[in-house]
Structures are given as C-alpha cells and as structure tokens.
Amino acid sequence: MEISGIRYTRIYIDIFREVFGVFYKNKIPALNDIETYFKNHEARILKDLLKDQIQKKIIDRGVPIVGFSIPFAQQFIPALILAYEIKNKMHDVHICFGGPVITLLSDQYLKDLIRTSPIDSCVKYDGEIPLLKLLNFILHGKPIDEPNCFLSNKSSVLTPIVFKSFRVRTASQRHKHNRLQKKNIKQLPMETPIPIAQSTGCYWGQCSFCDYINLHVDKVYRSRPVKDIIDDIKYYIDMGFSNFRMLAEAIPPRHANEIANNLTTNNIDIKWHSFLRVDNGFSINMLEAMNKSGFSCTVGMEHSNNCALKILNKGYNQKIIRKFFEKIRIASLSENHLNIIVGMPGITYAQEMETLEFCKEYTDIFNQFKCSIFTLTNTSEMGKNPQKYGIIINEDGKANKFNSHGRISSINFYDPNGMTSEEKHEILKLYEQLNQELRSQIRFNGYRNLILTARTGAYLEDIYFIFDRLSLQQMVNLNTNNNDGYFVVNMSASRRHQVIIDKKLSDMINIFKDKKFNFKDIIEFTTDENIALQYLKEMVNGSLVNVV
Ligand code: SF4
C-alpha cells in the first residue's frame with residue numbers, strides 16, 4: 001500500500017490479516033484446492049477492490065504481458081485470483097509469475113501450475129534478463145536461447161515456459177545496474193533508504209537454520225565491483241537521496257572497507273547500512289573507516305549462549321562476539337541493530353535470559369534488538385536432519401515437510417528439551433520492553449514517563465521539543481474534502497504508537513513545524529492548559545516529537 005510515496009507496510013499487514021485471513025493461513029495450496037479459493041468471500045473483495053485498476057491499466061491499454069512478483073507466500077493465492085480475473089477478460093494476454101516465492105517452489109509444482117492455471121510462464125532467481133528475453137520472444141518472436149528452460153505441454157499460441165536465470169553470472173552480468181527510474185521514485189521523501197545491490201549469496205553460508213542461501217541459484221557468493229556500487233550511489237545522490245541500504249546477506253570485511261574508503265576519498269557524504277556477521281576479520285581501523293563514511297549495521301548474532309551458537313553453526317562463540325563488539329565500541333560505530341533468534345531447539349528459558357542480559361551490556365552500540373521466534377524450514381540443514389538436533393516433527397509438520405511444493409513452508413515441530421510457546425512469547429516481550437526503553441531514552445531524553453504521568457504542566461516548561469520529520473511525512477489525511485483529521489503511522493515504533501490527530505492539533509503542527517517549542521507555546525496556542533497537556537501526551541505517545 002502506498003500513499004503519497006510512503007509505504008504503509010504495517011497498516012497493509014494489519015488490513016491484510018483482518019480482511020484476507022484465509023490467504024494468510026493457507027499460503028501455498030495444493031493445486032487441486034486452488035479453485036475453492038476463487039469462490040470465497042475474500043476473493044470477491046479482492047476482485048472488487050482492483051476491478052477498476054485492472055480495467056484501466058491493463059485491459060483498456062491492451063497490455064500484452066502481465067508480470068506478478070511474489071515476495072511473500074500469503075500473496076500467492078491473491079496473485080492467482082487476479083491472474084484468473086485478467087485472463088478471463090483478455091484471453092491472449094501472457095501472464096508470468098516470478099519473485100522469491102516462485103524461486104523457492106519446486107519445478108514440478110510450477111510445471112503443474114502452468115498446465116492447470118492461466119499462468120503462461122514462471123521465472124526463477126534473478127528475473128530481469130529472463131523477463132527481457134520473454135518480452136523479445138512474445139513481442140518480436142525472437143527465440144529464447146536460455147539453456148535451463150523447460151517446456152510444459154500446455155497448448156497455447158505462445159509456448160508456455162518456466163525458466164531459470166543463468167547458473168553462473170558472466171563478467172558483464174556482474175556489472176549490471178538495476179537502478180530505479182527517477183519518475184518512479186521522485187515522490188519518495190529524501191530520507192528514504194535506497195537499496196543498492198552489493199552481492200548475491202553469503203560468504204559464510206553454513207548456518208544450520210538458514211534458508212536464505214537457497215534464493216541464489218548456485219549458492220556461490222558473488223560481490224559487485226566497488227566502482228559499480230559507488231556509481232549507483234552517485235546516480236541516486238544526483239536525485240537528492242543520501243541514505244542507502246546494501247542488499248547483502250552479510251558484507252565481508254574487505255569489501256565493506258573498500259566501499260568506505262572510496263566514499264571518504266570521493267567526499268561522498270551519505271548514510272549507508274548493511275548486514276554483518278560476527279567476524280573478527282573486521283579490524284578497528286576498518287570499522288573506524290566505515291564509521292567515518294556514514295556506516296551502520298545490523299549484526300546477525302542470533303544468540304550469545306555457546307550451546308546455541310554451536311547448534312546454529314554460526315562459526316563463533318561468546319568470547320569472539322565480545323571481542324568483535326569491543327572493536328565496534330572502540331571505533332565508535334553506534335546506532336546499530338542486533339538480530340536475535342528465540343526458541344531454537346533444546347535452548348532453555350534460562351539460556352534465553354542469559355542472552356537478554358548479554359544484550360543489555362551493549363546498548364551503547366546497538367539501539368534496537370530485532371528478535372524473532374525460530375522457524376524450522378525444509379531445506380535448512382536442521383530441516384533436512386531434524387533428528388540430529390533432537391527435533392521431533394509433528395504429524396502435521398510431516399505432511400508439510402513432504403508435500404510442501406518446494407522449500408517455502410516452515411515445519412511444525414515438538415522440542416522436548418526447549419521452551420513452551422508461552423515462554424518464547426514472554427522472552428519476545430522482554431526484548432520489546434528493552435527496545436521501548438532505548439527508544440524512549442533516545443527520543444525523549446528520559447522525560448517520557450514524566451510527561452505521560454503529568455497532571456499539570458508544572459515541571460514541563462524547561463523541556464523543549466521539535467517535531468519528528470519522518471513521522472510528519474507519515475501523516476495520512478483522513479478526509480480530503482474538509483481536511484479535518486490525520487492518521488499517523490510511525491513505522492519505527494510499535495503498533496500502539498499509531499495515532500489519529502484532530503484538525504486543531506494538525507494546525508499546531510503546521511505552525512511549530514521545524515521550530516523548537518515548549519509547553520508554554522502549546523498553552524498559548526490552545527489557550528487551555530488541560531488541552532495543551534492532552535496534546536503533548538498525544539504527541540509523545542505517537543512519537544511525533546523529539547526532546548531537544
Ligand atoms: S544466516 Fe546469514 S551468515 Fe548464516 S548462512 Fe545464512 S545468510 Fe549467511
């Protein structure tokens with residue numbers, strides 16, 4: 001969902017779960033079950049929602065090829081429903097499916113899909129070059145010289161094809177630039193993080209739980225030349241952007257250092273981010289150079305307990321993590337994020353608490369702990385050999401494991417030595433509390449509780465505020481006719497921080513925007529201390545302001 005150039009992913013997920021729960025639960029269906037989804041209530045809502053768009057943007061314009069990119073499994077059935085809808089209205093349109101979900105589905109499932117549905121072709125792995133070949137084939141009759149393609153026996157004017165991109169990238173492919181066109185991104189706020197391709201694959205590639213490595217065709221790590229990365233960055237700088245995210249599973253020390261030095265030597269003043277693994281190949285000098293070039297990172301530590309790290313086969317232990325974090329600290333690399341996995345097989349509540357306490361020692365270098373519950377996937381090392389890890393696969397998990405149409409599904413399992421589901425969620429809550437405290441400390445300089453519990457403005461006059469620019473950009477006008485209210489979604493805060501503000505408060509925002517103000521200024525505007533206090537609490541609760 002995109003409004004005024006801003007993606008409201010969080011609202012989208014909430015609405016999707018609410019309205020289209022059936023697609024969320026079922027994800028990738030058996031092919032002979034697909035028909036049942038087309039008749040249900042949710043399918044009708046979806047078709048109604050997009051009816052006008054399909055008519056205007058596809059049918060009226062006589063579009064010859066429609067491509068669907070499907071990043072998440074719960075989008076698969078909706079994509080199929082729309083594909084049927086389009087094909088019913090335009091029999092000669094060519095429909096092509098691609099994206100991560102298609103990449104992870106088995107070839108057999110895709111062949112059967114093409115045979116039994118309106119889908120004409122599927123593209124696995126990198127889609128750009130195959131899509132170009134497909135366009136040339138359909139529009140100009142140019143034959144496809146793709147060595148890895150295979151045909152289905154569906155009869156059609158156009159030969160339906162499932163094809164994969166190249167097994168090994170040639171030198172010229174390593175140099176390719178997939179840049180976003182100016183006309184497509186000009187509405188984005190200038191602070192928006194812009195993705196830059198740094199590499200495919202992972203240079204470690206041995207974690208026992210990991211499925212990411214399967215997204216690349218031969219699982220070989222390949223980085224792009226530093227010069228090409230810098231050229232991409234310059235291309236976006238010319239449009240005014242200055243915040244970049246490297247697309248990488250984990251950036252290796254030498255490459256990160258080269259990019260950093262190149263940015264500094266060329267006086268390129270940006271912020272850039274990448275995923276890192278704990279790797280003592282990063283020297284203090286390198287980390288300092290990275291810091292100087294505007295770098296911050298998300299470290300995929302996952303756990304700090306030595307038993308857990310061994311199970312995950314991360315290739316390091318707690319002593320190595322401490323040494324690495326100490327170097328980050330000395331290099332003054334701050335505002336980083338740390339990834340944690342909770343509830344892996346055999347790990348106890350006490351061991352999870354040990355990791356939480358470990359994290360608390362490093363809140364000066366990490367300002368967010370991104371915590372998720374362990375999932376067992378089919379083609380990870382753990383999914384292939386569950387008995388080796390003491391995992392017992394449940395009956396429904398067994399069905400899932402053997403009929404999963406490829407690698408997409410997670411497997412339900414019973415973990416006799418690990419935690420209960422309630423315990424896992426309790427640990428997640430403790431991390432959420434820690435994150436909340438850190439956010440509050442940074443944004444409100446320790447004043448959050450004082451403001452939210454204040455009954456009068458007696459102690460508030462010395463605190464100065466400024467509106468948070470990013471939050472203001474996320475205001476959605478609720479009524480475009482008389483402009484009488486806004487819904488603000490703060491994507492960096494938790495769901496309860498989404499607020500609705502009235503016309504008067506939005507007028508106040510317009511007056512104080514970009515200025516420093518205090519409680520006295522708010523009273524002057526509202527002419528009532530109680531209303532002023534109520535507005536201030538709303539602004540703090542919705543994370544609309546920062547304390548300066
Ligand atoms: S979890 Fe990260 S570091 Fe480990 S293999 Fe996967 S991508 Fe590489």
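First listed ligand is number 1; within each ligand, the first listed atom is number 1.
By the 4.0 Å heavy-atom criterion, Gly205 is counted among the residues contacting ligand 1. Ligand 1 does not have Phe275 within reach: every non-hydrogen atom of the residue lies 4.0 Å or more from it.
For the residue pair Ile233 and Ile268, the shortest heavy atom distance occurs at CG2-CG2, 4.4 Å.
Taking Glu335 as the reference, Asn367 meet the side chain to side chain contact (heavy atoms under 4.5 Å, CB included) condition, with sequence neighbours excluded.
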Decide side-chain contact (heavy atoms from CB on, under 4.5 Å) for Tyr236 and Ile270; before the verdict, give the C-alpha distance in whole Å, the side-chain angles of both, and the deciding distance to 0.1 Å. CA-CA 11 Å; Tyr236 292 112; Ile270 57 161; over 6 Å; no

Take His255 and Val226, measure what side-chain contact (heavy atoms from CB on, under 4.5 Å) needs, and give me the verdict at the end. CA-CA 8 Å; His255 208 228; Val226 171; 3.6 Å; yes

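Taking a distance limit of 4.0 Å, we find that atom 4 (Fe) of ligand 1 is approached by some protein heavy atom.
Ring pair Phe366/Phe325: centre-to-centre distance below 6.0 Å.
Of all atoms in ligand 1, numbered sequentially from 1 with element shown, those under 4.0 Å from a heavy atom of Phe209 are 1 (S). Taking every heavy atom of Gln206 and a limit of under 4.0 angstrom, the matching atoms of ligand 1 come to 5 (S). Counting atoms of ligand 1 from 1 in the listed order, those under 4.0 Å from a heavy atom of Glu249 are 7 (S).
At least one N/O/S atom of Cys202, whether from backbone or side chain, sits less than 2.8 Å from atom 8 (Fe) of ligand 1.
A donor-acceptor pair under 3.5 Å is absent between the side-chain atoms of Asn336 and the main chain of Thr298, judged by distance alone.
Nearest to atom 6 (Fe) of ligand 1 among the protein's heavy atoms is Cys210 SG, 2.3 Å.
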